[in-house]
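Please read these numbers as outputs of a predicted model, since none were measured by experiment. Residue numbering restarts at 1 for every chain, and letters A, B, ... go by the order of the sequence lines.
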Protein chains: 2
Amino acid sequence: MSDSCFVVRLNRYLDLTPTEKKAVASLEREPRDYPSGSMLWQEGDDLSELLIVHQGWALSESRLPTGKRQILRFHFSGDMIGASGIAFRDAPSSIVAATDMVVCRFPRRALGETFTEHPRLAALFFSISQMESIDLYDRLRALGRSEGKARLANLFLSIAARMRAVSGQHNPVIRIPLTQSDLGDAVGLTQVHVNRLIRQMTEEKLITRNRSTVTLVDEPKLIELARFVDRFSALDSSWFPSPRG
Amino acid sequence: MSDSCFVVRLNRYLDLTPTEKKAVASLEREPRDYPSGSMLWQEGDDLSELLIVHQGWALSESRLPTGKRQILRFHFSGDMIGASGIAFRDAPSSIVAATDMVVCRFPRRALGETFTEHPRLAALFFSISQMESIDLYDRLRALGRSEGKARLANLFLSIAARMRAVSGQHNPVIRIPLTQSDLGDAVGLTQVHVNRLIRQMTEEKLITRNRSTVTLVDEPKLIELARFVDRFSALDSSWFPSPRG
DNA sequence: TAGCAAATATAACATATGTTAATAAATTGA
DNA sequence: TCAATTTATTAACATATGTTATATTTGCTA
C-alpha cells in the first residue's frame, strides 16, 4: 500500500497524531487512473464528491459563452480538489487532467465527519483553503496590475514553487505540460502574444522553454520582474484547537 | 444591545441553534468606530485578530512596489475579515474603510475554540470561505478574459448582489463610495479609461453614475455583457455534521 | 516511414488601454 | 462663503495586446 499523499501534504503543516493520520488516510481510497486530457468533471456537473490528487496534475478551467477559456488553478499531488464547489451543488469549473493522473474520490459527507471528530483537521482544512485564497489574490493582482511578461514570470514561479514543495527538490528545470494557448488561458493573453513574450524572455536570458519544459535561467530577475512572493512555506497553527484523543 | 450582524449573516445560510448563536455572538464584542478612509490594518502587519463588519464597508487592497494598487475584495456588513491571513502571521493585504464603519475584533484563538465546540459552525465557516474563493474565480475570469466594459459591469453587479443580500432590498440604485481611480484599481484599468467606459456605458443607457451612486439602468443587458452569475444565494449544507447540544 | 494533426513561429494590421497633461467640476474645511 | 484639494472630463499621443493568416516545426499513429 502506497503512502497517502494527502497525509504527507497535511503533515508538512502540522504533526498529525496517529488517529488524525488514520482519518485523513481514510479519505484517500480506491485510486483511479485518468489519462492526460481527460475531464474529471465539467462545469455545472452535479457534485457530491471531492478529489485528492495522488499523482500527476490537473487544472480547473472555466469557459465564457464566447468560447474563451480561463484557467483558474492548478492542482498537484496532495491537493484536495472540489472544495471550492462545496458551497454549491454544482461545479463552478471543470477539472482537466494535464498529465496522466491517479486520483481518489470521497464523498462530501466524509468531510463532515472529519469536521466533527477532528476539530484540528477542520482548522487545518480551513487554513489551507485560506492559503489558496491568498494565492488567488496574488494572481488577481498579477492579472489586474502587471503586464504580460510579469504575468508569465509569475505563473512559472508559482508553479515551480508548488512543484518544488511537493518534490522537496529545488531544480531550475520544471516540467510544465502546457501549450502556449494554455499558458495564455492561465494569464489572460493570446497564444500569439505568449509566443512573443517567451521569445523576448528567452532573448533576455530569463528563461528557456523546450517542449513541455521550462528552465528558470535567471530566477532572481524573474522574481523581481514578477514581484513574486512564495506563500506556501509555513503556516500559523497557533490558534488551532488541540488534537483530540 | 444591537443584533449581532454576524449571526444574521450566518443564519441566512443555516438555522443556527441557540447555543450556536450564542457562540457566534460572543465573537462580536466591543464594537469600535472607524472613520471612512482609515486603515484597519496594513499589508505586512503582524496579525492575531479577526474582524467582523458591523456597519459600513471596507476593502482589501495590495500595492505593488511600483505604487500600483489592486483592490482585492470588498467587505460588507456581516463579513468576517482577516481569515485569508489566518494561515500566516502577517497580513497579505491592507484593509481600508470605504465608509464610516463599526467593527468588532476577536482573537484567532476564539476561532479555534469555535471549531472544537461547534463542528457545524466550522463547516459553515469553511463553506463561506469556499464561496469567497468562487467569487475570486469569477473576478479572475473577468480580469483575464473580458474587456473593460464587461469588467466594470461585473463589478457593479457583484457589489449590488452582495449589498442587496445584506439589505434584503432589490434596488437598481446602489451606493458605491468609490472614485474612478478606485474602480480602476478594482478591475485593473486606469482612471482615465474608467472615465471613458462610464461615459460610453451611460450613452448606451446601461448605467448612470452620480457622485457615489450607481444606477443599474438596464440590468439584463449588464448581466449579459458581464456574463454575471450571482453566487451568493443558497448553500449546500447537506454534508454538514449535525448541530451539537 | 509517411502522413496527419497539433503546436509553434512570424508578419501585417487593428484596437483596447495606458500616459501625460490641461481644464472643469465637485467636495471639503476653515 | 471662499479657497484649497480632490475628483472628473477631455484630448493627443504611445504602446501593449489582440486578430487573422500562413508557414514551419513537432509529435503521433497507421
Tell me yes or no: between the side chains of B/H75 and B/S60, is some donor less than 3.5 Å from an acceptor? yes
Side chain of A/R211: nearest nucleotide among D/dA8, C/dT8, D/dG27? D/dG27
Judged by modelled atom types alone, do A/S129 and B/S129 share a side-chain donor-acceptor pair under 3.5 Å? yes
Is a donor from one side chain sitting under 3.5 angstrom from an acceptor on the other, for B/T213 and B/N210? no
Please check if the side chain of B/D185 supplies one atom and the backbone of B/Q70 the other of a donor-acceptor pair under 3.5 Å. no
Distance, rounded to the nearest Å, where A/L183 contributes CG and C/dA7 contributes P: 12 Å
Could you tell me the separation between the CD1 atom of A/I176 and the C1' atom of C/dT8, rounded to a whole number of Å? 17 Å
Thinking salt bridges, do B/E30 and B/R32 make one under a 4.0 Å N-O criterion? no
Using a heavy-atom distance cut-off of less than 4.0 Å, which residues of residues 189-202 of chain B contact DNA chain C? B/L189, B/T190, B/V192, B/H193, B/R196
With heavy atoms under 4.0 Å as the rule, sort A/G188 into base, sugar-phosphate or nothing. sugar-phosphate
Residue pairs passing the ring pair (Phe, Tyr, Trp, His ring centres under 6.0 Å) test with at least one member in residues 156-196 of chain B, sequence neighbours excluded, are none
Between its two end axes (five pairs each) the helix from C/dT1-D/dA30 to C/dA30-D/dT1 turns, nearest 10 degrees, through 50°
Any salt bridge (Lys or Arg N to Asp or Glu O under 4.0 Å) pairs touching residues 193-213 of chain B, not counting sequence neighbours? B/K149-B/E204
Do A/F6 and A/L27 have side-chain heavy atoms sitting under 4.5 Å apart? yes
Return each pair, listed once, that meets side-chain hydrogen bond (donor to acceptor under 3.5 Å, both in side chains) where at least one residue sits in residues 81-98 of chain B; pairs must be two or more places apart or across chains. A/D236-B/R89
Whole-Å gap separating P (D/dT25) and CD (A/Q180): 15 Å
Tell me, which of residues 136-160 of chain A have any heavy atom that sits under 4.0 Å from an atom in DNA chain C? none
Using a strict cut-off of less than 4.0 Å between a Lys/Arg side-chain nitrogen and an Asp/Glu carboxylate oxygen, indicate whether A/D135 and A/R231 qualify as a salt bridge. no
Check whether the side chains of B/S62 and B/E43 place a donor and an acceptor atom closer than 3.5 Å, and report yes or no. yes
